[in-house]
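Before any comments, here is the structure.
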Amino acid sequence: MAKQYWKPGNMLYPVPAVMVTCQRKGEQPNIITIAWTGTVCSDPPMVSVSIQKKRYSYAIIKDTREFVINLTTKKLAAATDYCGVRSGRDTDKFADTGLTPCKSREVSCPGIAESPVNIECRVTEIKHLGSHDLFLAKVVSVTVEDALMDKTGTFHLNHSGLLAYSHGSYFELGSQVGAFGYSVRKKSTNRKKKKSNKA
């Protein structure tokens, strides 16, 4: 298979497209769309977001040391894009998009009611990297949408139409092609069948 060599660049795709909310005391809450975010630790639960210093939300999060990551869906695609191309210096993004701020449990800034999952975070460290600074944060509370819970208490997040960002475009999460550990379980099942056939 033929390939080309390119100069080093950010080509790790797809990535989640999330709306991050933040707020200074006495000011209106703001929303910033971030694609450079991820899980960094499970115990304690920690996440990261990378933000350019010139972004309006950068100073807010640096000052307050807290934010909420709001997962996005196909229904939120237009709002997600809008909050990534407009600045909170000039406009009220909640008012512009029609999104609803919802009270957080552990942090002072609101989440987004229309989001299926709101992840409340407190910054533990800011790493200065270059074009972006990396905010490492501890997850202090998580809120999930009741409609995605079934009668057995199972959370069906993948039924919400989650949004991903890849090379300049937004995509809805597609068809399932496997589940964690399925390759091992499949081999194990095949071995059992072979043994059964030999018996």
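These values consider heavy atoms only, across backbone and side chains, with no hydrogens, waters or symmetry-generated copies.
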Query - Pairwise distance NZ(Lys54) to OG(Ser131) - rounded to 0.5 angstrom - result: 9.5 Å
Query raised in the report: Which residue pairs satisfy the salt bridge (Lys or Arg N to Asp or Glu O under 4.0 Å) criterion with at least one member in residues 158-181, sequence neighbours excluded?
Result: Lys74-Glu172
Query raised in the report: Do Tyr165 and Phe171 have their ring centres less than 6.0 Å from each other?
Result: no
Requested in this report: Answer whether the closest heavy-atom distance between the side chains of Leu162 and Thr72 falls below 4.5 Å.
Outcome: no
Requested in this report: Please check if any side-chain donor atom of Thr100 sits under 3.5 Å from a side-chain acceptor atom of Glu114, or the reverse.
Outcome: yes
Requested in this report: Decide yes or no for Asp133 and Lys53: does some side-chain heavy atom of the first lie under 4.5 Å from some side-chain heavy atom of the second?
Outcome: yes
Query - Test side chain to side chain contact (heavy atoms under 4.5 Å, CB included) applied to Val20 and Ile61, step by step - result: CA-CA 10 Å; Val20 172; Ile61 294 174; 4.2 Å; yes
Query raised in the report: What residues, two or more places apart in sequence or in another chain, satisfy side-chain hydrogen bond (donor to acceptor under 3.5 Å, both in side chains) together with Thr80?
Result: none
Query - Test item: Thr154 side-chain N/O and Asp150 main-chain N/O as donor-acceptor pair under 3.5 Å - result: no
Report task. Examine distances only and state if a side-chain atom of Thr39 and a backbone atom of Val47 form a donor-acceptor pair shorter than 3.5 Å. Result -> no
**Report entry** Connected via hydrophobic side-chain network under 4.5 Å: Val139 and Ile112
**Finding:** no
Report task. For Tyr58 and Ile51, work out which heavy atoms get closest and say how close. Result -> CD1-O, 3.8 Å
Query raised in the report: Are Trp6 and Met11 close enough, and set up right, to give a side chain to side chain contact (heavy atoms under 4.5 Å, CB included), and what steps lead you there?
Result: CA-CA 10 Å; Trp6 287 8; Met11 290 298 291; 4.3 Å; yes
**Report entry** Qualifying residues under side-chain hydrogen bond (donor to acceptor under 3.5 Å, both in side chains), relative to Asn10, sequence neighbours excluded
**Finding:** none
Query raised in the report: What distance separates Glu66 CD from Cys121 SG, expressed to the nearest 0.5 Å?
Result: 10.0 Å
Query - Check: Leu71 main-chain N/O paired with Ser115 side-chain donor or acceptor under 3.5 Å - result: yes
Query raised in the report: Do the ring planes of Trp36 and His132 sit parallel (below 30°), tilted (30 to 60°) or perpendicular (above 60°)?
Result: tilted
Query raised in the report: side chain to side chain contact (heavy atoms under 4.5 Å, CB included) between Asn158 and Gln176: does it pass, once the steps are laid out?
Result: CA-CA 9 Å; Asn158 292 331; Gln176 181 177 345; 5.9 Å; no
Requested in this report: Please tell me if the side chains of Glu120 and Arg105 come closer than 4.5 Å, counting only heavy atoms from C-beta onward.
Outcome: yes
Query raised in the report: Are any non-hydrogen side-chain atoms of Val123 and Lys138 less than 4.5 angstrom apart?
Result: no
Query raised in the report: Applying side-chain hydrogen bond (donor to acceptor under 3.5 Å, both in side chains), which residue pairs with at least one partner in residues 82-92 are found, sequence neighbours left out?
Result: Tyr82-Asp96, Thr91-Asp96
Query raised in the report: Does a side chain donor of either Tyr56 or Asn30 reach within less than 3.5 Å of an acceptor in the other side chain?
Result: no
**Report entry** Flag side-chain contact, heavy atom, 4.5 Å: Asp81 against Thr33
**Finding:** no
Query raised in the report: Would you find more than 12 non-hydrogen atoms of other residues, nucleotides or ligands less than 6.0 Å from His128 atom NE2?
Result: yes
Report task. Would you indicate whether the side-chain heavy atoms of Phe94 and Pro29 approach each other to under 4.5 Å? Result -> yes
Report task. Sequence neighbours left out, what passes salt bridge (charged side-chain N to carboxylate O under 4.0 Å, His left out) with Lys127? Give chain and number order. Result -> Glu125
Requested in this report: Report yes or no: do Leu148 and Val144 belong to one cluster of Ile/Leu/Val/Met/Phe/Trp/Tyr joined by side chain heavy-atom distances under 4.5 Å?
Outcome: yes
**Report entry** N/O donor-acceptor pair under 3.5 Å between Thr37 side chain and Ser48 backbone
**Finding:** yes
Query raised in the report: Who are the side chain to side chain contact (heavy atoms under 4.5 Å, CB included) partners of Lys75, not counting sequence neighbours?
Result: Thr73
Query raised in the report: Are side-chain heavy atoms of Pro110 and Cys102 found at a separation under 4.5 Å?
Result: no
Query raised in the report: Is Ser104 reaching over with its side chain to a backbone N or O of Glu106, donor-acceptor style, under 3.5 angstrom?
Result: no
**Report entry** Heavy-atom neighbours of Leu129 CG exceed 12 at 6.0 Å
**Finding:** yes
Requested in this report: Determine yes or no for a side-chain-to-main-chain donor-acceptor pair under 3.5 angstrom, with Asn118 supplying the side chain and Asn70 the backbone.
Outcome: no
Query - Leu157 side chain near Val117 side chain, heavy-atom distance below 4.5 Å - result: yes
